[in-house]
Amino acid sequence: MDAAAAAAGDEEQDQARMEAITEGLQTRDAMRLYNWVSQRCFSDCVVSFHRRALGKREEECVRSCVHKYLLLSTASAGRFAHLADPSASSSSSSSFDD
């Protein structure tokens, strides 16, 4: 019985390590995406450095850029979920056709 208990403890430790690694990777990826979107929208939208604040057009451009990214990200996540398990996401991704 001691060997079984030790194996169960090792399995729990391995699971905890995997969860910590996964969380770290997700955080890293989220920061990379945030930085990429920030850089992309900034370089596409900000054209004047004569003021501290964004101009009206620049602000609208940044909002639109971020909004488009969020829509794309949501649609992509839904599509990947649909492809991973079509039965689980058939009602939530009805806008996607195979």
(request) Without swapping roles, check the side chain of Ser64 against the backbone of Glu60 for a donor-acceptor pair under 3.5 Å. (result)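 Between the backbone of Glu60 and the side chain of Ser64 there is no qualifying donor-acceptor contact (under 3.5 Å).
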
(request) Examine distances only and state if a side-chain atom of Ser73 and a backbone atom of Tyr69 form a donor-acceptor pair shorter than 3.5 Å. (result)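 A pair under 3.5 Å: no.
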
(message) I'd like to know whether Arg32 forms a side-chain contact (heavy atoms from CB on, under 4.5 Å) with Asn35, so could you lay out the CA-CA distance, the side-chain angles of the two residues, the decisive distance to 0.1 Å, and finally the verdict.
(response) CA-CA 5 Å; Arg32 283 183 179 174; Asn35 289 331; 5.9 Å; no

Please report the interatomic distance [atom1]([X]) to [atom2]([Y]), rounded to the nearest 0.5 Å.
{"X": "Arg63", "Y": "Leu54", "atom1": "CZ", "atom2": "CG", "value": "9.5 Å"}
{"X": "Asp44", "Y": "Gln39", "atom1": "CG", "atom2": "CD", "value": "9.5 Å"}
{"X": "Glu59", "Y": "Cys45", "atom1": "CD", "atom2": "SG", "value": "11.0 Å"}
{"X": "Arg17", "Y": "Thr22", "atom1": "CZ", "atom2": "OG1", "value": "13.5 Å"}

(request) May I ask you to decide whether Glu58 forms a salt bridge with Arg51, counting only side-chain N to carboxylate O separations under 4.0 Å? (result)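 Looking at Glu58 and Arg51, the cut-off is met.
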
(request) Kindly check if Cys41 and Cys61 bring their SG atoms closer than 2.5 angstrom. (result)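 Cystine link not detected, SG atoms outside the 2.5 Å cut.
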
(message) Less than 4.5 Å apart, side chain to side chain, heavy atoms only: is that true for Lys68 and Leu71?
(response)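 Sidechains of Leu71 and Lys68: no contact.
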
(message) Using the rule that Ile, Leu, Val, Met, Phe, Trp and Tyr join whenever any side-chain heavy atoms are under 4.5 Å apart, tell me whether Phe80 and Leu33 fall into a single cluster.
(response)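 Different clusters: Phe80 never reaches Leu33 through Ile, Leu, Val, Met, Phe, Trp or Tyr contacts under 4.5 Å.
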
(request) Begin from the C-alpha positions of Asp10 and Gln13 and carry the test side-chain contact (heavy atoms from CB on, under 4.5 Å) through to its verdict. (result) CA-CA 5 Å; Asp10 288 344; Gln13 287 178 347; 3.9 Å; yes

